[in-house]
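Okay, so here's the structure we're looking at.
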Amino acid sequence: MNRYNPKDIEPRWQAKWTEDKVYEAIEDAEKAKIYATPMLPYPSGTGLHTGHVRNYSITDAVARFYRQKGFNTVSTMGWDAFGLPAENFAIKTGTPPAESTAKNVAYFKKQLLRLGMSYDWSREVNTSDPEYYKWTQWVFSLMYERGLAYKDEKSQWWCEKCNTVLADEQVTAAGKCWRHEGADDPEVTKKKVNQWFFKITDYADEILDATDDLNWPEKIKTMQKNWIGRSQGAEVSFKVDGSDQVLKVFTTRPDTLFGVTFMVVAPEHELLQSAVPTEQKQAVDEYVKSALKKSEVERQENKEKTGVFSGIYAINPVNNEKVPVWVADYVLASYGTGAIMAVPAHDERDYAFAKKFDLPIKQVVMPNAADTNNPPKPGMKMVERPTVIVHLLDKSTGKFALLDWHESLEGITTGIMGGVEDGQTPEEAALMEIREEAALEHVKIIDKLEWLTAAEYCASHKGENRRAITTVLLAEVENLDKQGEIAANEQKNHTLVWVEKDKVLDRITPDHQKQVWNMLWNRSYLPGEGQLINSGNYDRMSAAEARDKIVADLAKQGVAEEKTTYRMRDWLISRQRYWGAPVPIVYCDEHGPVLVPEDQLPVVLPEVKNYVPDGKNSSVLAGVEDWVNTSCPTCGKPAKRETDTMDGYVCSTWYLHRYTDAHNDKQAFDPKKANYWFPIDFYFGADHAVAHLLYIRFFQKVLCDAGLAAEREPIKRLIYNGYINAEDGRKMSKSLGNTVDPMDIIESGYGADALRLFELFIAPYDQDTSWSSTGVPGTYRFLNRYWTLVQEYLEQTTPQANDAVAEQLTKLAHKTAYKVTKDMDELGFNTAVAAMMAAVNELFLIKAKHGYGEREAWDLVLSTLAQLLGPFAPHIAEEVWHDLGRTDTVHQGHWPAYDETYLQEATLTIAIQINGKLRDTIEVAAGTDQATVISSAKAAKKIEPLVKGKEIVKEIYVPGRLVNLVIK
RNA sequence: GCCGGGGUGGCGGAAUUGGUAGACGCGCUGGACUCAAAAUCCAGUGGUAGCAAUAUCGUGAGGGUUCAAGUCCCUCCCCCGGCACCA
């Protein structure tokens, strides 16, 4: 028998597919298209490992599925070839980045070809190719001409030894450069560097607003929303006391303005330059100096609040109160106005600061602990009164008192409630209530919640609604033995029950009581929403309502306005590096920065001998004199080139467009072609949630506004796959030595098909999981079993007539086609594979019993499986397809249809439960009516004795599935 | 702290969305074939008790709803990913 030998089959078909251009796609307006492609890889020196292969296997399964279903399908591959590792390798070894990159690309390509991925290689791109980056420079020009590229001086980290700027991530916790963190090395400093930015913030609102509607994983959408970080609030002006200066703050909670007890400005704030009184000057200067020395990382890592009083006072516009202004580094200069109004009662950070420096805390919002069992009724008047809830703790047992109100509406409550009469303190009222309701004398108040709570309910017996402004207390019972008799009338109403602390929440019934209990023990809680108190005319207004009202009122006096701020900044695209696309700008003495005209692009990266930066404030390009010195495109006079290159993310922002027209030398791409393929139907990746995936959305919108694209969102569906960890449970990485090269698996004889199949079978595609070295042998075994069936079928030809077997085989073909199609529609690769395995197992049983006599039915089921295997194991699928006598490729337009009538079973297994427990099963013919099924169920062997003489209270029938008999 | 995703056999994972928990694979056990091994094929495989039929427990914990809960509700614990002094 012909043995299954992937080493023979796979390279043979790979060559044939290439020869026949099976995966090359041509735009065809008549045909529905699918653009399904993975994020392009950075071709590292270490090649792809089995973790990476998951992403490509998923992409290819989807692309092949739609190609087999007859869609005009394109899937593509390219190389994100610019970047730091190649440059560092050049610095170390002198190997030109172009050379090492080409070598790496070759190995990646070899791997992907050997895996049999169905890319249209005629569309391959390489971002470091001048023919490609010519158009990356055009992208810059587009941005520049549309006012979306600008140069600005911003503060950056600077290492004196490297003579270069550093990213925040390259600064250590000790405040030193990642390359120079020795004891003798200097700390990094801040330096202002002139850099190029893309104005992504212009599109922040549009990107954010469109995010919810994307068919993307929630996780990624949330990350993008957080990253953009839009927050709506108000800018409020506080007058600086004794000066005509104004201190502006941004706040999302203008409703808490009456709770402002101090202000805080960032150490960088300009008010500190002019308004600090002499007696505070030294303290402020010292604090500012030490704060600025700390790295951003340090400032954010240390959550312990530090700060100093500035000597300045500001005037709160809502009540003209004079509040002190402090300097503290928990306020960031770069967000909002670099200054805040502090409301310690309702902001965690302000609370911590106030506690540390002993500043006043003023509650202005009361949480609503509404009684949902007994809510206020509309139309009744609201009567407000102060009340107290006191919780009782038994000192000797550590248990808490619960009040069981028996059948009454109150349910089970914790704590004793009562009104606070005029002239009484809440504590006095509490002790009185305890005496009356629990008859306890030796009681001490030991704790008091700082916040008042408003509980609104309907006192129906009094015909009024009530608002209880509640003080929450905790009292300790020193000696429970001395409890006297509860007054008879009280005892009728409730019983005191003592329970452990962790049981209390389970027992309490009213919601507001649970809330109060949580508040007492969870002190980090600060009231956020609710109704205002201590807020003048705004008292009892809801916080949400007051937010708008207060801003509107202040706006009339010109001291507040609505304001939106964002966390996202503009995209810094400058890099002082060699191995990137040069920024196409020339500096002329007369004309300033001038864009290099399109007909002079690309600005080609010159070859250099030495890749080590020369210590000037720029990349090694600055040292290439005959490159730097050029002429002004406008006037022709001597001028100098920009020596910054572009961030690699700029290159990958538009490659998806380039794929649609990869060899166009007249333009970056023909919008007609791009518009045919866009938006991308499936984009596959496992990284770049907020960088690349935001940038391409930004870029697509710019293209639309420039009239070069039609769809404002480039990616219809994002498929974000999970990681495969190494078998040891750790992350797969070359440095840990726990990676597996797919080539090793393939060459050891298992082949690409078994590997790809396992990559899809291992777990749901979006779930993290770990590699298993016994997995590929498992999927290989399955393919081998399928192969064996086909070979045996081809060798044994004696026809037999057995209609039942033919029916069984036909049904199996349709059922499996149905299941796999449905799973593929939902990206359920693992269960699709399981269905095919189950089919092969069943076929083994059939052939053992009946042989291969039913030729037609066997051909149907085997060829159906060949088609279904196409997306998963394309080589064996194609081989078997041809073994079964087909002459065209299975990979174009062959997907099995299924007939619903074959999906029905003639007999159904009905589960029989008694009181919800499975006791027996019976077989009934499909279509049997309910009464018959139930009576057969009652007569079933194991059921009959169980129901005999019992009263059947209820009979439930779930058609085709189960019968549940409820007996007494 | 906030947001998102999870917690099911020895392991990876199924479960028609409230209806027979553990599909499929790995591993393990037994058997067939073989001089023997590998490969292959067949059977078994959640725990406990039992020779067995069977009983009983069982989807992170505790409550609840329901004829019926892995699935829904409440309270809580743990793990992973992201963000985080963003006012």
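Close to A14(B), at under 4.0 Å from its OP1 or OP2, lies a side-chain N or O of Asn830(A). For C57(B), the OP1/OP2 oxygens have a side-chain nitrogen or oxygen of Lys917(A) closer than 4.0 Å. Using a 4.0 Å cut-off, no side-chain N or O of Arg785(A) falls inside it from OP1 or OP2 of G25(B). Of the side-chain N and O atoms in Arg781(A), one or more sit less than 4.0 angstrom from OP1 or OP2 of U40(B). A close approach under 4.0 Å does occur between a side-chain nitrogen or oxygen of Ser231(A) and OP1 or OP2 of A87(B). Between Arg919(A) and U54(B) there is no side-chain N or O to OP1 or OP2 distance below 4.0 Å.
In this structure, the nucleotide among C85(B), U40(B), G82(B) sitting nearest to the side chain of Tyr330(A) is C85(B). Listed candidates were C24(B), G27(B), U40(B). Nearest to the side chain of Thr774(A) is G27(B). Of the candidate nucleotides G27(B), U20(B), A87(B), U20(B) has the atom nearest to the side chain of Leu918(A). Closest to the side chain of Phe761(A), from the set A43(B), G25(B), G82(B), is G25(B).
Contact annotation for Lys822(A): no contact, since no heavy-atom pair falls under 4.0 Å across all strands. Within 4.0 Å of Ile762(A), counting heavy atoms only, lie sugar-phosphate atoms of the nucleic acid but no base atom. Backbone-only contact: Asn841(A) has heavy atoms under 4.0 Å from sugar-phosphate atoms and none from a base. Gly778(A) comes within 4.0 angstrom of sugar-phosphate atoms only, judged by non-hydrogen atoms across all strands, and of no base. Contact annotation for Lys305(A): base contact, defined as any heavy-atom pair under 4.0 Å involving a base atom. Residue Gln767(A) is classed as a sugar-phosphate contact, given heavy-atom separations below 4.0 Å to backbone atoms only. When heavy atoms are screened at a 4.0 angstrom cut-off, Asn964(A) is found touching base atoms of the nucleic acid. Asp350(A) comes within contact range of no nucleotide atom at all, as no heavy-atom separation falls under 4.0 Å. Residue Val966(A) is classed as a sugar-phosphate contact, given heavy-atom separations below 4.0 Å to backbone atoms only. Here Val690(A) lies out of heavy-atom contact (under 4.0 Å) with every strand. Here Pro777(A) lies out of heavy-atom contact (under 4.0 Å) with every strand. Among the heavy atoms of the strands, none lies under 4.0 Å from Arg230(A). Looking at heavy-atom distances under 4.0 Å, Phe353(A) makes no contact with the nucleic acid at all. Within 4.0 Å (heavy atoms only), Thr788(A) reaches no atom of the nucleic acid at all.
In this structure, U56(B) forms a base pair with G47(B), meeting either the Watson-Crick or the G-U wobble geometry with both donor-acceptor distances under 3.5 Å. If you check A87(B) for Watson-Crick or wobble pairing at under 3.5 angstrom, you find it has no partner at all. With a 3.5 Å ceiling on both atom-pair distances, the Watson-Crick or G-U wobble partner of U40(B) is A32(B). Pair assignment for G9(B): none, as no Watson-Crick or G-U wobble contacts are both less than 3.5 Å. Figure legend. C72(B) is base-paired to G64(B); pairs are counted as Watson-Crick or G-U wobble with both atom distances under 3.5 Å.
Between Ile762(A) atom CD1 and Asn830(A) atom CG the span is 10.5 Å, to the nearest 0.5 Å.
Nucleotides G27(B) and U48(B) have their P atoms positioned 23 Å apart, rounded to a whole Å. For the C1' atoms, the distance linking G7(B) with A61(B) amounts to 12 Å, nearest Å. Using atom C1' as the reference point in both C24(B) and C3(B), the two lie 35 Å apart (nearest Å). Look at the P atom in both U54(B) and G62(B): the space between them is 30 Å, to the nearest Å. Distance noted for atom C1' between U59(B) and G18(B): 15 Å (whole Å). A distance of about 30 Å separates the C1' atoms of A14(B) and A53(B), rounded to the whole Å. A gap of 50 Å separates the C1' atoms of G81(B) and A32(B), to the nearest Å. Comparing A87(B) with G19(B), their P atoms are spaced 43 Å from each other, to the whole Å.
Glycosidic conformation of G12(B) is anti; the angle lies outside 90° of 0. More than 90° away from 0 lies the glycosidic angle of U48(B), which makes this nucleotide anti.
The ring-ring contact (aromatic ring centres under 6.0 Å, His included) search around Phe353(A) returns Phe262(A), Trp326(A), Tyr330(A), Phe357(A), not counting sequence neighbours. For His269(A), there are no ring-ring contact (aromatic ring centres under 6.0 Å, His included) partners two or more places apart in sequence or in a different chain.
Between Phe782(A) and Thr769(A), the one whose closest nucleotide on RNA chain B sits nearer the 5' end is Thr769(A). For Lys942(A) and Lys954(A), each mapped to the nucleotide of RNA chain B holding its nearest heavy atom, the one lying further toward the 5' end belongs to Lys942(A).
Neither side chain, Tyr957(A) nor Asn964(A), offers a donor N or O lying under 3.5 Å from an acceptor on the other.
Among all heavy-atom pairs drawn from Leu257(A) and Met341(A), the shortest one is CD2-SD, 3.5 Å.
Arg756(A) forms no cation-pi arrangement with Phe872(A), by the criterion of a distance under 6.0 Å to the ring centre and an angle within 45° of the ring axis.
Between Trp787(A) and Tyr4(A), the two ring planes are tilted [angle within 30° to 60°].
Using modelled atom types, one side-chain atom of Thr337(A) and one backbone atom of Lys248(A) make a donor-acceptor pair closer than 3.5 Å.
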